[in-house]
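So that the names make sense, note that chain A is the first sequence line, chain B the second, and so on, each numbered from 1.
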Amino acid sequence: MAARRVLKAVLVDLSGTLHIEDSAVPGSQEALKRLRSAPVAIRFVTNTTKESKRDLLERLKTLEFDIAEDEIFTSLTAARNLLEQKQVRPLLLVDNNALQDFRGIPTNDPNAVVVGLAPEHFNYQMMNKAFRLILDGAPLIAIHKARYYKRKDGLALGPGPFVTGLEYATDTKATVVGKPETTFFLEALSGTGCKPEETVMIGDDCRDDVGGAQNAGMLGILVKTGKYRAADEDKINPAPYLICESFPQAVDHILQHLL
Amino acid sequence: MFQLQAAGRAVRAMAEWAKQLAGIKGVVLDISGVLYDGGGEGGGVPIPGSIEAVEKIKVSGLKLRFCTNETQATRGKFVAKLQRLGFNILVNEVTAPAPAACRILKERNLRPHLLIHDDLVPEFDQLDKANPNCVVIGDAADNFSYKNLNEAFRFLIGLENPILISLGRGRYYKETDGLKLDVGVYMKALEYACDVQAEVVGKPAKMFFQSALAEMEVEPQQAIMIGDDIVNDVGGAQQCGMRALQVRTGKYRPCDEQHPEVKADGYVNNLAEAVDIIVKQLHK
């Protein structure tokens with residue numbers, strides 16, 4: 001029997017796990033309150049590229065979740081941290097809404113390229129600009145590499161194809177900072193003083209949330225809300241540590257079995 | 001003493017290179033980056049010495065063919081442009097991707113959704129484009145907008161049998177105002193988005209070089225290719241059994257001479273230098 005892990009931190013996915021669009025997953029607000037009664041650090045993690053932390057916070061507050069801004073870790077934050085670490089000045093191909101998460105980072109005379117979901121920037125001229133910078137040695141940072149996403153008017157290209165194109169053009173590899181990258185999960189823990197082995201991730205995306213977290217050394221709980229589809233759990237190896245109906249049940253399990 | 005040795009080595013290196021030219025009967029020339037650099041007001045600027053070099057080949061007795069991945073205009077239009085710039089070149093001397101693609105589309109009953117440069121559209125006039133069952137992508141330049149790419153993506157992902165035909169797979173080319181992304185970049189983007197593999201019509205596809213050689217009536221071993229793209233011109237030609245020279249004009253970058261997979265048969269400063277050596281060797 002495996003040694004009992006000490007649980008010190010819980011990562012919670014947002015869209016599909018705590019809420020679906022503008023509705024909370026039933027019972028989640030109370031479940032979060034219950035989780036807060038336990039001696040664990042909590043972080044809310046998401047791969048958004050269009051919404052700033054402020055936007056996310058607004059929505060969650062409206063849904064009556066009790067969350068602080070510094071508990072939210074997004075792929076945009078991960079990108080920002082990387083830029084600060086490398087001390088580079090980015091050409092930001094990101095949604096205008098997302099720019100506020102990069103406030104304070106110098107963008108004059110860029111020597112790095114950051115690509116998020118930004119259809120308004122994926123025109124030939126801007127792509128050429130990014131291409132020439134990368135060819136000259138600028139690192140290419142991808143918020144994530146989603147192939148496409150669902151819009152009201154149908155499917156639409158995500159940032160992945162454009163990142164792939166730039167990688168081919170320059171014969172380089174992008175650093176991807178969002179889920180399911182291990183660095184994303186490790187970064188999410190910075191400031192908590194906790195290790196991956198002491199952490200549980202709760203999410204609805206089997207590959208990006210649970211698979212990614214488990215690859216980083218965490219336990220993963222898959223919830224059957226949001227984008228979950230039957231048999232998703234068969235797509236990763238090892239299988240999720242646990243599968244629950246929704247967030248409240250995941251919290252129950254943690255409080256009863258992992259503390 | 002060291003200088004003498006270095007000079008001696010250089011002379012011997014040149015000699016080695018020229019020895020490789022025995023049996024050459026035909027020359028195949030890339031256009032962009034070898035004859036001229038495109039872009040700007042007049043449509044482009046000839047590379048110094050290239051106009052004379054083409055003349056030299058034509059009077060030498062060697063056969064000549066132009067093998068280009070140019071897809072920003074119809075063959076007729078860009079040949080007319082090159083003639084205006086002073087080049088002795090005719091439409092029937094040029095192997096280009098769009099005519100080759102049309103033949104393939106007709107053969108396979110394919111109706112294309114086109115993501116190409118506006119000036120290339122007339123090449124596809126003869127084809128039925130209603131109810132497309134494939135996507136054809138060329139060097140569309142400013143037509144590579146998010147909206148157009150999304151449209152092509154939706155067509156492709158909606159097909160039961162997704163067929164993506166790419167007119168070339170180059171990474172970038174040189175225009176007078178700098179390097180620009182080529183069709184290969186957007187081919188890769190759509191391949192990734194739809195999880196499909198494109199079929200390439202144009203360099204470096206073997207069939208493309210072979211059709212150029214067939215037009216010249218010359219065997220691969222008797223032909224030499226001169227290009228600025230180490231992978232698509234030089235590598236592609238060598239894979240067909242041709243010899244190939246890399247010029248240091250156009251999209252050339254010094255790292256091309258240390259390419260991990262492709263070793264050109266020779267590296268020359270420009271087309272003029274290549275032709276001088278080739279023609280001198282002929283007269284030996």
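The heavy-atom pair separating B:Arg154 from A:Leu155 by the smallest distance is NE-O, 2.7 Å. Pairing each heavy atom of A:Ala169 with each of B:Val185, the nearest pair is CB-CG2, 3.5 Å. Across all non-hydrogen atoms, the minimal contact from B:Ala193 to A:Pro161 is CB-CG, 3.7 Å. Taking both residues in full, the closest heavy atoms of A:Arg151 and B:Tyr146 are given as NH1-CE2, 4.0 Å, listed atom of the first, atom of the second, then distance.
How far CG of A:Leu135 is from CZ of B:Arg171: 7.5 Å, rounded to the nearest 0.5 Å. Note that CZ of A:Arg132 and CG of B:Leu181 are 8.5 Å apart. Values are rounded to the nearest 0.5 Å. Atoms OH and CG, from A:Tyr124 and B:Asn148 in turn, are 13.5 Å apart once rounded to the nearest 0.5 Å.
By the 6.0 Å contact criterion, CD on B:Glu41 is open, its count of non-hydrogen atoms from other residues, nucleotides or ligands being 12 or less. The environment of A:Gln125 atom CD is sparse: at most 12 non-hydrogen atoms of other residues, nucleotides or ligands sit within 6.0 angstrom. Remark: B:Lys263 NZ is packed, more than 12 non-hydrogen atoms of other residues, nucleotides or ligands lying under 6.0 Å away. Heavy-atom contacts from other residues, nucleotides or ligands closer than 6.0 Å to NZ of B:Lys206 number 12 or fewer. The number of heavy-atom neighbours closer than 6.0 Å to CD of A:Glu120, taken from other residues, nucleotides and ligands shown, is above 12. Around atom NZ of A:Lys129, no more than 12 heavy atoms belonging to other residues, nucleotides or ligands sit under 6.0 Å away. Within a 6.0 Å sphere centred on CZ of B:Arg111, other residues, nucleotides and ligands contribute more than 12 heavy atoms. The local environment of CD in A:Gln100 is crowded, with over 12 non-hydrogen atoms from other residues, nucleotides or ligands closer than 6.0 Å.
Most heavy-atom pairs under 4.5 Å with chain A, from the set B:Tyr172, B:Phe144, B:Phe153, B:Tyr186: that is B:Phe153. The greatest number of non-hydrogen atom pairs below 4.5 Å with chain B, out of A:Leu166, A:Val163, A:Asp153, A:Thr170, is found for A:Asp153.
Looking at B:Asp195, both its backbone and its side chain come within 4.5 Å of chain A, counting heavy atoms on both sides. When heavy atoms are compared at a cutoff of 4.5 Å, B:Leu149 approaches chain A by way of both its backbone and its side chain. Contacts between B:Ala140 and chain A at a heavy-atom distance below 4.5 Å are absent for every atom of the residue. For chain B, the nearby part of A:Tyr148 is the side chain; its heavy atoms alone come within less than 4.5 Å. The contact between A:Asn123 and chain B is made entirely by backbone atoms, counting heavy-atom distances below 4.5 Å.
Although no hydrogens or angles enter the test, the distance criterion places a donor-acceptor pair under 3.5 Å between the side chain of B:Asn150 and the main chain of A:Leu157.
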